S.K.: 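Structure in structure tokens, see below.
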There are 2 protein chains.
Amino acid sequence: MPKVGQSYLDARRKQIVDAAHTRFTSHGFARTSMADIVTESGLSTGSIYRYFTSKDEIVIAVCEQGTEAFPTALTVEAVNDFLEHVRALARDKGHARLVAQIYAEAALSPTLAAIVAQQLAAMRAAVAELIPDRSPNDVEQITEAFVTICSGYSQQLAVRGDLDPAPFTRALMAILQG
Amino acid sequence: MPKVGQSYLDARRKQIVDAAHTRFTSHGFARTSMADIVTESGLSTGSIYRYFTSKDEIVIAVCEQGTEAFPTALTVEAVNDFLEHVRALARDKGHARLVAQIYAEAALSPTLAAIVAQQLAAMRAAVAELIPDRSPNDVEQITEAFVTICSGYSQQLAVRGDLDPAPFTRALMAILQG
DNA sequence: CCAACAAAAGTGAAGGGTCATTCATGTTAT
DNA sequence: ATAACATGAATGACCCTTCACTTTTGTTGG
């Protein structure tokens with residue numbers, strides 16, 4: 001017989017993932033210890049292992065919830081707004097740092113690679129929906145480049161700090177018209 | 001009085017950096033132990049610490065020598081050749097994996113960030129040299145997007161495996177004409 | 001030219017820490 | 001009362017770094 005409801009369990013799980021998310025963002029996966037997650041979450045060591053069987057599982061959980069927003073239209077304004085959103089996330093929450101950690105880990109772990117690849121595919125599909133009047137091959141090539149520039153922008157933000165999105169907006173528009 | 005020549009010392013140092021490069025590429029920074037570098041290099045633990053004072057210093061040395069080639073011209077053929085070069089390096093040597101590690105670490109370490117930022121600036125400068133008849137502002141925006149697509153392509157290769165460079169070549173050409 | 005010596009280079013076992021994970025015990029809700 | 005849930009000290013493995021010791025090389029005095 002369960003002692004608490006599912007919503008309680010979900011809240012606890014989220015508490016752990018949020019704490020891990022915070023520490024992973026500021027210190028990276030390798031430099032974040034279980035003790036760090038314990039401290040940040042306010043739970044106990046043993047309690048965390050009731051919800052996750054290993055640190056790796058927590059890493060996966062954090063990567064899975066990493067859904068950024070998508071652009072809503074392919075006008076200059078909408079695209080620029082989207083990049084400004086990415087920029088703000090990087091500035092205010094260090095999100096680009098976390099993304100860089102995720103890509104590095106995904107490059108080593110097939111499990112994570114599959115998760116990230118699926119998220120990238122979802123974003124490409126979302127962008128494809130917004131492209132009018134093109135051959136399937138064109139759409140595929142355009143979305144591929146589009147998403148690469150967006151994640152590339154995030155990568156640059158992670159390493160070089162705040163950057164004006166203007167060159168990237170311009171590049172994205174050029175690709176759409178090419 | 002030195003017991004061996006400078007060329008000997010240089011060779012030893014290279015031996016260490018090469019060993020570290022190999023292991024860092026296949027297992028990442030965090031999952032590569034000093035013992036791994038010892039094994040891979042064929043030297044002893046103590047010997048390595050004669051050439052580097054810490055593991056972090058070896059990481060820096062590996063990052064510093066990470067100079068990819070630059071594109072030599074901005075024709076479709078030259079640009080495509082360049083991307084094929086990046087692709088081959090990723091396929092044959094797992095180079096994209098190492099680059100992903102470097103970006104992740106640079107996102108956390110100001111020292112590494114400075115090194116990577118300088119390498120990116122060098123590549124932007126090299127590309128800028130190839131752009132004819134544009135305003136300085138245009139050149140800056142174009143090179144920014146150009147380099148981001150190239151490193152973004154590497155990032156995608158790291159996570160998703162081998163990818164045809166065609167969409168990226170096309171995007172790069174579109175940017176140059178935008 | 002050779003033998004002793006000194007300094008450079010190399011070695012690897014051990015120190016000192018950190019860290020992920022477990023488990024015996026305590027607490028709470030039904 | 002009992003089973004779910006929580007706790008955190010203990011465990012055992014791993015890992016970076018050091019250092020006392022050995023080997024090698026260049027030098028020097030006879």
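On a predicted model such as this, the values are computed, not experimentally measured, just so you know. Proteins get letters first, then strands, A, B, ... in listed order; numbering begins at 1 in each.
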S.K.: Rounded to whole Å, please give me the gap between CD in Q15(A) and C1' in dC5(D).
M.R.: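 In whole Å, dC5(D) C1' and Q15(A) CD are 14 Å from each other.
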S.K.: With a cut-off of less than 4.0 Å, is there a side-chain N or O of Y8(B) near OP1 or OP2 of dG10(C)?
M.R.: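 It does, given that an N or O in the side chain of Y8(B) lies less than 4.0 Å from OP1 or OP2 of dG10(C).
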S.K.: From the set dG10(C), dT7(D), dT22(C), return the single nucleotide nearest to any side-chain atom of T45(A).
M.R.: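 Nearest nucleotide to the side chain: dT22(C).
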S.K.: If the threshold is 4.0 Å, N to carboxylate O, is there a salt bridge linking E84(A) and R91(A)?
M.R.: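 Result for this pair is no, no salt bridge flagged.
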S.K.: Considering only side-chain heavy atoms of K55(A), which listed nucleotide, dG10(C), dA6(D), dA20(C), is closest?
M.R.: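 Of all the options, the side chain of K55(A) is nearest to dA20(C).
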S.K.: M34(A) has a side chain; which of dG10(C), dT18(D), dA20(C) sits nearest to it?
M.R.: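 Out of dG10(C), dT18(D), dA20(C), the nucleotide with an atom closest to M34(A)'s side chain is dA20(C).
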S.K.: Does E40(A) have more than 12 heavy atoms from other residues, nucleotides or ligands lying within 6.0 Å of its CD?
M.R.: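 Yes.
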S.K.: Would the distance check show the side chain of D81(B) and the main-chain N or O of A78(B) forming a donor-acceptor pair, the cut-off being under 3.5 Å?
M.R.: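 Absent.
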S.K.: Measure the distance from CD1 on I16(B) to P on dT17(D) and round it to the nearest whole Å.
M.R.: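 To the nearest whole Å, that distance equals 13 Å.
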S.K.: Please state how far atom CG in D56(B) lies from atom P in dC16(D), giving the value in whole angstrom units.
M.R.: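 D56(B) atom CG is separated from dC16(D) atom P by 10 Å.
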S.K.: Using whole Å, what does the distance between atom C1' of nucleotide dT22(D) and atom CZ of R50(B) come to?
M.R.: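 So the CZ-C1' distance, R50(B) to dT22(D), works out to 13 Å.
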S.K.: Looking for any heavy atom pair under 4.0 Å, which part of the strands does F52(B) touch: base, sugar-phosphate only, or nothing?
M.R.: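 Nothing, no nucleic acid heavy atom in range.
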S.K.: Of all the choices, dG12(C), dT7(D), dA9(D), which nucleotide is nearest to the side chain of S44(A) once you look at every atom?
M.R.: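 Closest nucleotide to the S44(A) side chain: dT7(D).
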S.K.: Does Y49(A) put a side-chain nitrogen or oxygen below 4.0 Å from OP1 or OP2 of dT7(D)?
M.R.: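 Answer no for this pair, as no side-chain N or O of Y49(A) is under 4.0 Å from OP1 or OP2.
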S.K.: So do the side chains of R170(A) and I142(B) get within less than 4.5 Å of each other, counting heavy atoms only?
M.R.: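 A side-chain contact under 4.5 Å exists here.
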S.K.: Measure from CZ on R31(B) to P on dC15(D) and round the result to the nearest Å.
M.R.: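 It is 11 Å, rounded to the nearest whole Å.
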S.K.: Pick base, sugar-phosphate or nothing for R12(A), based on heavy-atom distances below 4.0 Å to the nucleic acid.
M.R.: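 Sugar-phosphate contact only - R12(A) comes under 4.0 Å of backbone atoms but never of a base.
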S.K.: By nearest nucleotide on DNA chain C, pick out whichever of L9(B) and G46(B) is the more 5' one.
M.R.: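 Of the two residues, L9(B) wins.
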S.K.: I need the CG-C1' distance between L43(B) and dT23(D), as an integer number of Å.
M.R.: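 Distance check: L43(B) CG to dT23(D) C1' gives 15 Å.
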S.K.: Under 4.0 angstrom, heavy atoms only, what part of the nucleic acid is T53(A) near: base, sugar-phosphate, or nothing?
M.R.: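 Counting heavy atoms under 4.0 Å across all strands, no contact is made by T53(A).
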S.K.: Taking CD1 from I48(B) and C1' from dA9(C), how many angstroms apart are they, rounded to a whole number?
M.R.: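 Whole-Å distance recorded here is 14 Å.
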S.K.: Any sub-3.5 Å donor-acceptor pair from S109(B)'s side-chain atoms to E105(B)'s backbone N or O?
M.R.: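 Between the backbone of E105(B) and the side chain of S109(B) there is no qualifying donor-acceptor contact (under 3.5 Å).
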S.K.: Does S33(A) reach a base, just sugar-phosphate, or nothing at all? Heavy atoms under 4.0 Å.
M.R.: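 Touches sugar-phosphate only.
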S.K.: Would you indicate which nucleotide in dT7(D), dA9(C), dT11(C) comes nearest to any side-chain atom of S47(B)?
M.R.: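 The closest nucleotide is dT11(C).
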S.K.: Mind calculating the distance between CZ (F29(A)) and C1' (dC19(C)) to the nearest angstrom?
M.R.: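 Nearest whole value for this atom pair: 18 Å.
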